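One structure below.
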Amino acid sequence: MTTTAAPTPSLSGQPEGGAGVKPGKSNKAITRRNARVGITFVLPALIILSVFVFYPTISTFFTSFTSNRINRDGVFVGFDNYIRLFQSADFWTDFKNTLIYAVIYAPLVVIIALALAMLLNRKDIRGIGFFRTCMFLPFVISLTVASIAWSFLLSPSLGLVPYWMDKLFGIQNLDLLGNRSTALATIIAITVWKNFGYFMVIFIAGLQGISAELYEAASLDGASAWQKFRFITVPGLRPTFNYVIIFGLIGSFQVFDQIFIMTSGGPDRSTETIVYRIYVEAFGNGKLGYASALSYVLLIMTLIVGVIQLVSNSKHEKEELA
């Protein structure tokens, strides 16, 4: 009587030479099935991004090379919009205001947020959660609502701020938003008040990620508070700094709501920024081609800042590893 030897099982669990599904074929089927599942989940987000992000971005790029106006077909004009843009004194005024806003706002909000984060990260303060909530509340308020409220507070005729400045310090007819020398600084201060709580929470999260043992070891070595901040806190917060600075600068380049509501670019265009000029050209003057060119100039400015920050961060990381 002859017996047939059983096929030797393979590592995949299927017998070699058996009638089962081949391992390679099974893996391909699983891969295809996973791909279909992944595409099914990603497809709704891709559709939304395509309609509201990708298509407008591409359409704006082509529109920037046309003389497109509202309710009119545009004619291809090449780089004429960009040439007119850089030759316009209005653009350079808006560029200067945007740059001043960014240079002042971003460092100021970072310094205030970091200082408050270090203060509210201590565990020996009673009611620490209440204070953190109070500091974060301005960020929760709508920027439009906050701008309208501050417009009333700073109003020369109705505002509480001019009233108390007159009563306490004798400063009469104070008009911070109507004065060319103070309007932009006032908007910067209001925006810092609005946003510092958000960055403060991010800094608190970063501080809590730094090991307390490092501070204890530094104390045993006799390190001062400044040395702890310089050699422990700052290096430990470097990723947080990168996030806060990049988003702070990008947000400052895109400032619009508070300027539109509080000053409308005035007085004498002292608060007019690039984004506000884009709005005026597109919806006020109907020059969609010119506004599109302005939009891409702003995009390039934002990308340059982001790339510089990323290159700087990469350089610091390589120095630390070395």
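Keep in mind that this is a model prediction, so the values were computed, not measured.
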- To the nearest 0.5 Å, tell me how far F199 CZ sits from I204 CD1. 14.0 Å
- Shortest non-hydrogen pair, S264 vs Y276, comes out as O-OH, 3.0 Å
- Geometric class of the F86/F91 ring pair [parallel <30°, tilted 30-60°, perpendicular >60°]: perpendicular
Would you mind writing out the side-chain donor-acceptor pairs for residues 180-192 within the sub-3.5 Å range, not counting sequence neighbours?
unit_1 : atom_1 : unit_2 : atom_2 : d
R180   : NH1    : D268   : O      : 2.9
R180   : NH1    : D268   : OD2    : 3.2
S181   : OG     : N179   : OD1    : 2.9
T182   : OG1    : L176   : O      : 2.8
T186   : OG1    : T182   : O      : 2.7
T191   : OG1    : Y101   : OH     : 3.0
T191   : OG1    : I187   : O      : 2.7
T191   : OG1    : Q258   : NE2    : 2.9

- Excluding sequence neighbours, so at least two apart, what forms side-chain contact (heavy atoms from CB on, under 4.5 Å) with F130? C134
- Task: Could you tell me which residues satisfy side-chain contact (heavy atoms from CB on, under 4.5 Å) with V145, sequence neighbours excluded, listed by chain and number?
- Result: I141, S142
- Note on the structure: Closest heavy-atom pair, T271 versus T263, reported as atoms and distance to 0.1 Å, is OG1-OG1, 2.8 Å
- Among pairs that include at least one residue of residues 195-213, which meet side-chain hydrogen bond (donor to acceptor under 3.5 Å, both in side chains), considering only residues two or more places apart or in two chains? Y105-N195, Y198-Y243
- So do the side chains of D166 and L174 get within less than 4.5 Å of each other, counting heavy atoms only? no
- Message: Test of understanding: clusters of I, L, V, M, F, W, Y form through side-chain heavy atoms closer than 4.5 Å, transitively. Do V275 and L303 belong to the same one?
- Response: yes
- Item | Backbone N/O of V75 and side chain of S67: donor-acceptor pair under 3.5 Å | yes
- Message: Pair L237, L207 - check side chain to side chain contact (heavy atoms under 4.5 Å, CB included), show working.
- Response: CA-CA 7 Å; L237 288 178; L207 288 170; 3.7 Å; yes
- How would you list, by chain and number, every residue that makes a side-chain hydrogen bond (donor to acceptor under 3.5 Å, both in side chains) with E272, sequence neighbours excluded? R269, R277
- Message: If the condition is side-chain hydrogen bond (donor to acceptor under 3.5 Å, both in side chains), which residues does S219 pass it with, not counting sequence neighbours?
- Response: K228
- Message: Could you check whether any side-chain N or O of S147 sits under 3.5 Å from a backbone N or O of I261, counting only pairs where one atom can act as donor and the other as acceptor?
- Response: no
- Note on the structure: N81 and S64 have their tightest heavy-atom pair at ND2-O, 2.9 Å
- Task: Taking side-chain hydrogen bond (donor to acceptor under 3.5 Å, both in side chains) as the test, write out the residues that go with N121, two or more places apart.
- Result: none
- Query: Looking only at heavy atoms, what is the nearest atom pair of V110 and F203, with distance?
  - Reply: O-CE1, 3.8 Å
- Query: Does D175 reach the main-chain N or O of P156 with its side chain, forming a donor-acceptor pair under 3.5 Å?
  - Reply: no
- Quick one: sort the F61 and F65 rings into parallel, tilted or perpendicular, breaks at 30° and 60°. perpendicular
- Query: Under 4.5 Å between side-chain heavy atoms, hopping through other hydrophobics if needed: is there a path connecting F76 to Y82?
  - Reply: yes
- Task: Provide the closest heavy-atom pair for G129 versus T133 in the form atom of the first, atom of the second, distance.
- Result: O-OG1, 2.8 Å
- Task: Examine distances only and state if a side-chain atom of K194 and a backbone atom of F139 form a donor-acceptor pair shorter than 3.5 Å.
- Result: yes
- Give the cluster check for I125 versus L116: same hydrophobic cluster or not, with ILVMFWY residues linked at side-chain heavy-atom distances below 4.5 Å. yes
- Grab the two heavy atoms, one from R230 and one from V234, that are nearest each other, plus how far apart they are. O-CB, 3.8 Å
- Enter the distance from I210:CD1 to T233:OG1 here, rounded to the nearest 0.5 Å. 5.0 Å
- Query: With sequence neighbours left out, which residue pairs that include part of residues 38-56 fulfil the side-chain hydrogen bond (donor to acceptor under 3.5 Å, both in side chains) condition?
  - Reply: none
Exercise answer: donor-acceptor pairs, residues 289-301 side-chain atoms, under 3.5 Å, sequence neighbours excluded:
unit_1 : atom_1 : unit_2 : atom_2 : d
S292   : OG     : L288   : O      : 2.7
S295   : OG     : A291   : O      : 2.9
Y296   : OH     : T57    : O      : 2.6

- Item | Joint cluster assignment, L153 & L143, ILVMFWY side-chain distance < 4.5 Å | no
- Query: Is V201 reachable from I111 through a run of hydrophobic residues whose side-chain heavy atoms are each under 4.5 Å from the next?
  - Reply: no
- Item | Those residues that, when tested against R126, pass salt bridge (Lys or Arg N to Asp or Glu O under 4.0 Å) (two or more places apart) | none
- Task: Return the set of residues passing side-chain hydrogen bond (donor to acceptor under 3.5 Å, both in side chains) with Y163 (not counting sequence neighbours), or none when no residue passes.
- Result: none
- side-chain contact (heavy atoms from CB on, under 4.5 Å) involving F152 - partner list, sequence neighbours excluded: I148
